Protein chains: 2
Amino acid sequence: MTRPKLVTPRTLKGFRDYLPAAMLPREALIDTAKRVYRSFGFSPIDTPALEYAEVLLGKGGDESDRQVYRFEHGKHDVAMRFDLTVPLARFVAQHEQELGLPFKRYHIGAVWRGENTQRGRYREFMQCDFDTLGTESMIADVETGLVIHELLRAIGFQEFTIRLNNRKVLNGLLESVDLADRAVPVLRALDKLAKVGADAVCEEMARTAGASDAQARQVLALAGLGGSDAELLARVESLVAGSELGRLGVAQLREVLEGIAAGGVSTERIKLDLSIARGLDYYTGTIFETFLGALPDIGSVCSGGRYDDLASKFTRSHIPGIGASLGLDRLLAAMEELAMLESAAAPAPVFLAYFSADRAADYCRLAMDLRRAGIGVELYPSPRKLGEQLKYASRRGFEFAVIVGDEEWATGVCQLKRLATKESESVQLDDLAARLRGGTGE
Amino acid sequence: MTRPKLVTPRTLKGFRDYLPAAMLPREALIDTAKRVYRSFGFSPIDTPALEYAEVLLGKGGDESDRQVYRFEHGKHDVAMRFDLTVPLARFVAQHEQELGLPFKRYHIGAVWRGENTQRGRYREFMQCDFDTLGTESMIADVETGLVIHELLRAIGFQEFTIRLNNRKVLNGLLESVDLADRAVPVLRALDKLAKVGADAVCEEMARTAGASDAQARQVLALAGLGGSDAELLARVESLVAGSELGRLGVAQLREVLEGIAAGGVSTERIKLDLSIARGLDYYTGTIFETFLGALPDIGSVCSGGRYDDLASKFTRSHIPGIGASLGLDRLLAAMEELAMLESAAAPAPVFLAYFSADRAADYCRLAMDLRRAGIGVELYPSPRKLGEQLKYASRRGFEFAVIVGDEEWATGVCQLKRLATKESESVQLDDLAARLRGGTGE
């Protein structure tokens with residue numbers, strides 16, 4: 001009999017498997033995010049991976065549309081979701097009456113984009129978003145900042161900076177200098193300031209927006225303002241004095257900063273930054289970016305902002321809101337680089353070695369007794385040599401190995417081994433749960 | 001200006017949104033499953049939603065292939081995963097060296113099947129699988145049964161039965177009566193016994209498998225055996241005495257029953273059932289089905305079994321294993337029917353009413369103080385009338401409302417209202433966290 005040809009086991013380019021060593025910290029991070037979101041009253045939702053293409057896609061032609069996984073199924077033109085914001089808009093429009101406003105939701109799920117993988121991008125990745133819908137109150141903006149702060153702290157970061165701006169200030173300034181109708185090319189040029197310098201930005205503004213050198217320099221003045229947050233606010237206030245929108249933006253920045261400070265966030269961790277713009281069209285008020293003190297170059301790990309009208313594609317209801325997204329992949333990469341992840345961690349703390357099929361029922365009973373006492377236990381399934389079993393247990397990252405051979409069953413005393421240090425002690429089987437409960441808490 | 005035409009907000013047929021009321025119990029159920037899986041040493045993994053079609057699909061033509069979402073992307077023939085078992089086979093073959101065996105994993109994720117939605121089936125649903133790979137030890141079979149038992153208990157069920165069988169017994173009997181080469185049509189007919197009765201099953205066995213009436217009655221004798229588990233085992237042992245395979249099956253059943261009993265499972269909750277077959281080709285040893293005492297008709301809520309060789313499509317390595325799958329949707333439907341879900345449950349216990357933008361910072365500070373004390377709080381974002389805010393809070397399912405108006409800020413005493421009973425009490429703001437910590441634990 002000839003054996004059938006094997007199929008090569010492989011994943012598509014841009015897609016990846018998560019082995020336990022990668023999955024355990026990912027689950028821990030997601031659990032932390034859920035806990036923090038819930039503590040602020042955000043509720044979980046989920047939406048389908050597949051939607052009608054007309055629901056997910058704009059009028060075509062823009063970059064995100066071309067990256068979408070889109071296909072015919074039956075008679076339908078369908079697509080895989082490429083973010084969690086468009087599905088949120090559809091969701092809120094569809095269930096508006098049932099949900100009621102304000103509505104605070106979090107949504108953690110995979111999204112798919114057929115992006116160029118040469119830039120190290122994945123085509124499948126998790127998003128971890130939270131949004132407050134149906135209110136224009138600055139309380140929601142303050143709490144968005146507080147959520148970001150509590151997230152980073154709960155994950156274990158001490159040094160980080162949440163950078164705060166308000167699009168109304170930028171737009172107000174453009175009004176003041178008569179460039180409001182050319183906001184898109186002006187802000188696109190401004191976004192390059194850190195990379196290319198002031199002269200190149202002015203040159204680009206002249207070329208793409210027809211801005212005079214004086215106009216361009218006034219826009220750049222905003223990014224060049226220095227001083228404490230209070231000084232900065234006073235200076236920007238005079239810069240945008242001619243624009244009602246700009247004055248409103250400054251007032252909102254003051255209110256948000258004050259609320260975030262009242263929430264116990266130190267001034268090291270929340271900073272005004274008048275140069276951040278976060279995309280060109282979407283945001284209309286408060287915007288946030290978050291940088292790690294130890295790894296600023298990896299970019300923002302949690303970003304978001306306020307928008308005027310989420311679901312205008314689907315409903316005439318005006319639904320303003322504010323939200324942000326935690327960058328799970330970027331954070332996990334940072335935590336790995338900063339040695340914040342344990343190198344190996346088993347899902348349970350205790351490994352129970354197994355030596356004799358005659359004693360199978362006893363091993364099963366002992367394992368269950370420990371589990372019922374709240375202690376996770378993996379029971380090895382085969383009566384292999386102790387050395388082999390301990391090698392397996394060490395590699396899997398167990399904290400303890402419990403060794404019960406024939407002699408130990410007879411005497412009722414087992415060996416408890418701490419795998420990292422190889423220290424061993426004798427423990428009465430009856431005392432084992434209490435000893436482990438104490439021991440795992442060390 | 002004419003307003004653009006709206007896109008109707010709707011989901012594809014067979015797909016659904018999860019609103020918070022549905023999502024909160026789903027998340028709770030998944031968390032329980034993860035906790036139980038981990039307590040037995042199972043580790044999480046994840047695999048891509050999209051794979052090469054040749055990885056996921058068989059040689060074509062079988063039913064599951066036709067239900068697959070499959071499309072061309074770039075030059076590739078790709079498909080969305082329709083279960084978590086085929087991806088597990090590919091995963092283990094691909095990462096065998098890195099993983100090492102035995103390997104115990106759980107995997108909770110969405111799968112997609114373009115099924116006929118008229119039968120109430122969804123085209124996107126979550127699977128929640130656990131498997132032990134790389135061992136033929138009955139310890140793994142025992143522990144699979146114990147995981148199922150602990151899962152059901154941890155979810156909150158008291159009355160349920162795990163039905164146990166072993167495919168070697170069925171196959172051994174077929175050997176004894178000389179029908180081993182016609183196992184597929186014979187077992188397909190046997191599976192209908194409860195529905196159509198013995199005579200119709202014999203008739204079908206004759207028609208589709210060429211079984212004589214005597215052969216068919218001997219197969220049926222197995223399903224008709226009664227008595228205690230010990231009596232049943234003795235009777236089936238004599239029935240399959242002529243088959244080595246059958247005798248091995250009986251010995252394995254004894255070993256698994258003994259181990260599960262040693263794990264503290266009562267005989268009400270684990271029962272031999274020689275009539276269950278669970279599919280025709282896949283399983284080769286122990287098989288499990290699980291029925292709820294209160295709702296047996298909804299079918300098995302947790303099923304699985306042992307297989308000889310998981311990944312033969314991808315590798316020459318022989319990888320036996322055993323696993324099972326928790327039916328999340330079926331369990332959630334059962335829990336709803338049995339009123340085991342709270343009708344409304346907010347993600348946080350406390351609602352903080354809000355009355356004055358002048359006090360915004362104070363409200364933010366109070367909310368954060370409670371959160372830092374471990375108490376989840378939603379702060380209402382707008383200074384609406386108290387009645388309107390309390391209506392929102394009741395609808396959202398909060399347990400407590402905290403009311404602090406101008407007078408309360410001045411005196412430092414707030415009103416704490418229990419929303420279900422409308423009872424109210426005065427509490428010093430300084431004592432609020434302690435009072436709530438006591439109160440939420442009631």
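A, B, ... follow the sequence lines: proteins, then strands. Residue 1 opens every chain. Keep in mind it's a predicted model, so treat the numbers as computed, not measured.
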With a 4.5 angstrom heavy-atom cut-off, which part of [X] approaches chain B: side chain, backbone, both or neither?
{"X": "A/V92", "value": "neither"}
{"X": "A/T132", "value": "neither"}
{"X": "A/T8", "value": "backbone"}
{"X": "A/E54", "value": "both"}
{"X": "A/L50", "value": "both"}

Using non-hydrogen atoms and a 4.5 Å limit, figure out which bit of B/F103 sits close to chain A: side chain, backbone, both or neither.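 Both the backbone and the side chain of B/F103 come within 4.5 Å of chain A.
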Check each atom of B/R26 against the heavy atoms of chain A and say whether the ones under 4.5 Å are side chain, backbone, both or neither.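 For B/R26, side-chain heavy atoms alone lie under 4.5 Å from chain A.
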Just give me the residue among A/E51, A/H73, A/H76, A/M138 that pairs up with chain B most often, heavy atom to heavy atom, under 4.5 Å.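 Going by pairs under 4.5 Å, I would pick A/H73.
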From CA spacing to verdict: ring pair (Phe, Tyr, Trp, His ring centres under 6.0 Å), A/Y106, A/F42: CA-CA 6 Å; A/Y106 67 86; A/F42 292 86; 7.8 Å; no
For [X] and [Y], test the side chains for any donor-to-acceptor distance below 3.5 angstrom and give the result as yes or no.
{"X": "B/R16", "Y": "B/T11", "result": "no"}
{"X": "B/Y363", "Y": "B/R365", "result": "no"}
{"X": "A/Y37", "Y": "A/E150", "result": "no"}

